[in-house]
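Source: prediction; values computed, not measured. Computed from heavy atoms alone, side chains included, the values below leave out hydrogens, waters and symmetry copies. For the single chain, residues carry numbers from 1 onward in sequence order.
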Amino acid sequence: MNLKSMKKWAAFGISSLLALSLAACSGNSEDTSGDSNDSKEEITLDFWTFGATGYEELAKEYENENPNIKIKVKSSETADHHDALFTSLSAGSGAPDIAMLEIDQFDRFKVAQDRFENLYDLGANDVKSQYLDWKWVSGANADGDFLFGLPTDIGPKALYYRTDLFEQAGLPIDPAEVAALINSPEEFEKAGLQVKEKTGMPFVDSIEMAFRAYLDAAETAYLTPDNELNLGADSEVKRAYDYAVRLNDLGIVGKFEMWSPEWANAVNQGEFAAELGAGWLKGWMEGNAPDAVGKWNVATLPTDFAANWGGSYIAIPNETKHAQEAYDFIEWLVSPENQLKSFQSHGLFPSAQSVYDMDEFKSNADEFFGGQATAPVFAEAAQDIAGIPYKGEKYFPIHNEILNALKNVQNEGADSEKEWEAAVKRAEDLLNR
């Protein structure tokens, strides 16, 4: 039994003794066993999730350990899940006891702080040290005194690369040697030019991934926390835009839009050399690129590109009548031991750093990656991340406007500065609606 559990049982014991003493003093001879039964009343917790998490299996495990707790897990598509949750919270009824929040959607919900339980009030401070600091901080409000959600998975980015194309280009293929060579944006360019010259293949799959090299690592994205547009000539977004234009001008950017059939075929057949992808991408590769088994490896990215892409939190809407029971479940669910299980079963990359030292994690060799144990690479990448920028409700619409400008540059040969100015104007219009 851990210290927290001992404290809970100690508190329960003291309160029970006090109740018995008061009953004896008052001459009350009623049966007091009802207090004990009440503590074991059956409680049902509605838990809304999205994606393939495997939390259904873990919920059953928790139910077996806590027979009076029933967890009803409802899984939906990401967009549908967040829209339904937002609608329920806005209406003030219909929200679940527990809800997952995807990191790119999170800022949309932080404006409704009064609709959530503050997890610091339920015991979250006791487990704060178990998680990566940048992940924990992003789960709180701007003042740091209100915690919306406990950390679940993260999406540290790394360099996925085709060993056959790297070898043809005369580049190293050992992950440590690749990381040592491609250690800056400038060296990234040089490697791309070498691949293009020696193999005829593009280095990066798409202009969006070239753009996201700097964008995902930025301290500030499209909007400030005050929801003001952040697209000045010296902004980090403009730097990311200019870098993508530069890589495209060098001829090392492909036209394979992520998740398209053409992109999937290119991953399988080796029609580009490198992908700046998060840890969750390897699960897709293993299941969808059968001809590429043993032909991809993973190395850390240059520090300038160290970033997170994806991940979630678990929050408790304050409509719940069982806040403490809900918290006890989610604290158990995202414990280091269970984050390891989620990683092993569904590829959810842990935010609890103690998992990185577990033998089952470190020795998790991937056949698809030629037997490379990729988990330690992503663990190293996770610890290089500085933080997550504020995104806000209009992040994706603005992102799409900038991305459309880049596609016009690549596909139509449009002037990059004119496209940038037009995209900024469209972003301003979006913000003023």
Side-chain angles (χ1 to χ4, degrees), residues 4-5 7-8 39 41-51 53-56 58-63 65-66 68-76 78 80-128 130-131 135-154 311-335 338-339 342 348 351-352:
K4 185 173 180 180
S5 299
K7 288 179 179 177
K8 287 180 182 176
S39 71
E41 68 175 323
E42 184 168 300
I43 292 171
T44 299
L45 300 173
D46 289 320
F47 181 17
W48 288 7
T49 71
F50 60 89
T53 61
Y55 287 159
E56 295 86 352
L58 284 172
K60 290 176 184 175
E61 187 178 327
Y62 188 80
E63 289 175 345
E65 296 178 9
N66 301 270
N68 65 311
I69 303 293
K70 302 300 175 188
I71 315 289
K72 290 175 62 177
V73 181
K74 175 189 173 184
S75 184
S76 307
T78 303
D80 293 341
H81 164 84
H82 289 92
D83 288 345
L85 180 61
F86 193 85
T87 299
S88 298
L89 292 172
S90 299
S93 64
D97 300 278
I98 307 166
M100 284 181 67
L101 295 172
E102 202 272 336
I103 199 163
D104 285 340
Q105 298 270 359
F106 206 167
D107 289 328
R108 173 185 177 190
F109 291 88
K110 284 185 176 180
V111 297
Q113 180 174 305
D114 61 331
R115 304 300 171 93
F116 291 92
E117 294 285 338
N118 184 353
L119 301 192
Y120 280 133
D121 294 338
L122 300 171
N125 229 7
D126 295 343
V127 298
K128 180 178 180 179
Q130 295 180 5
Y131 302 93
K135 176 72 171 180
W136 185 274
V137 167
S138 293
N141 65 354
D143 294 330
D145 57 5
F146 189 102
L147 189 70
F148 288 87
L150 289 185
T152 59
D153 59 311
I154 56 176
S312 305
Y313 292 86
I314 303 184
I316 301 175
N318 66 4
E319 288 178 39
T320 184
K321 296 179 180 178
H322 306 289
Q324 190 62 57
E325 290 84 358
Y327 175 79
D328 292 343
F329 167 63
I330 67 173
E331 182 186 293
W332 175 89
L333 183 68
V334 302
S335 66
N338 284 326
Q339 285 205 5
S342 295
L348 303 186
S351 57

_Within the structure provided, determine whether Asp328 and Asn66 are in side-chain contact (heavy-atom separation under 4.5 Å)._
no

*Scan residues 112-124 for pairs that pass salt bridge (charged side-chain N to carboxylate O under 4.0 Å, His left out), counting only residues two or more places apart or in two chains.*
none

*Atom pair CH2/CG of Trp136 and Leu147 - distance to nearest 0.5 Å*: 5.0 Å

*Min side-chain heavy-atom separation Tyr327-Leu150 under 4.5 Å*: yes

*Specify the closest pair of heavy atoms between Pro151 and Val334, including all atoms of both residues, with the distance to one decimal.*
O-CB, 3.4 Å

*Note, Ser342 side chain near Leu58 side chain (heavy atom, < 4.5 Å)*: yes

Which atom pairs, one a donor and one an acceptor, fall under 3.5 Å between side chains of residues 84-93 and the rest of the protein, sequence neighbours left out?
residue	atom	partner	partner atom	Å
Thr87	OG1	Asp83	O	2.9
Ser88	OG	Ala84	O	3.0
Ser90	OG	Phe86	O	2.8

*Could I get the full list of side-chain hydrogen bond (donor to acceptor under 3.5 Å, both in side chains) partners for Asp46, not counting sequence neighbours?*
none

*Does some side-chain heavy atom of Asn338 sit less than 4.5 Å from a side-chain heavy atom of Leu333?*
no

_Pairs involving residues 312-323, ordered by first then second residue, that meet side-chain hydrogen bond (donor to acceptor under 3.5 Å, both in side chains) (sequence neighbours left out)_ = Asp97-Thr320

*Roughly how far, to the nearest 0.5 Å, is the CG atom of Leu101 from the OG1 atom of Thr49?*
12.0 Å

_Matching residue for Phe106 among Lys110, Arg108, Glu102 - test: side chain to side chain contact (heavy atoms under 4.5 Å, CB included)_ = Lys110

*Partners of Glu325 by side-chain hydrogen bond (donor to acceptor under 3.5 Å, both in side chains), sequence neighbours excluded?*
none

*Sequence neighbours left out, what passes ring pair (Phe, Tyr, Trp, His ring centres under 6.0 Å) with Phe146? Give chain and number order.*
Phe148

*asked:* Under the rule for salt bridge (charged side-chain N to carboxylate O under 4.0 Å, His left out), what residues qualify as partners of Glu61, not counting sequence neighbours?
replied: Lys341

_Set of residues satisfying side-chain hydrogen bond (donor to acceptor under 3.5 Å, both in side chains) with respect to Asp145, sequence neighbours excluded_ = Asn141

*Is the closest side-chain heavy-atom distance between Thr152 and Tyr55 below 4.5 Å?*
yes

*Which residues pass the side-chain contact (heavy atoms from CB on, under 4.5 Å) test with Lys60, sequence neighbours left out?*
Glu63

*Would you say the side chain of Thr53 lies within less than 4.5 Å of the side chain of Met100, judging by non-hydrogen atoms?*
yes

*Do Tyr131 and Gln339 have side chains that get closer than 4.5 Å, going by heavy atoms?*
yes

*Looking at Ala323 and Ile316, what are the two nearest heavy atoms and their distance?*
O-CD1, 3.9 Å

*Taking side chain as C-beta onward, heavy atoms only, is Leu45 less than 4.5 Å from Ile69?*
yes

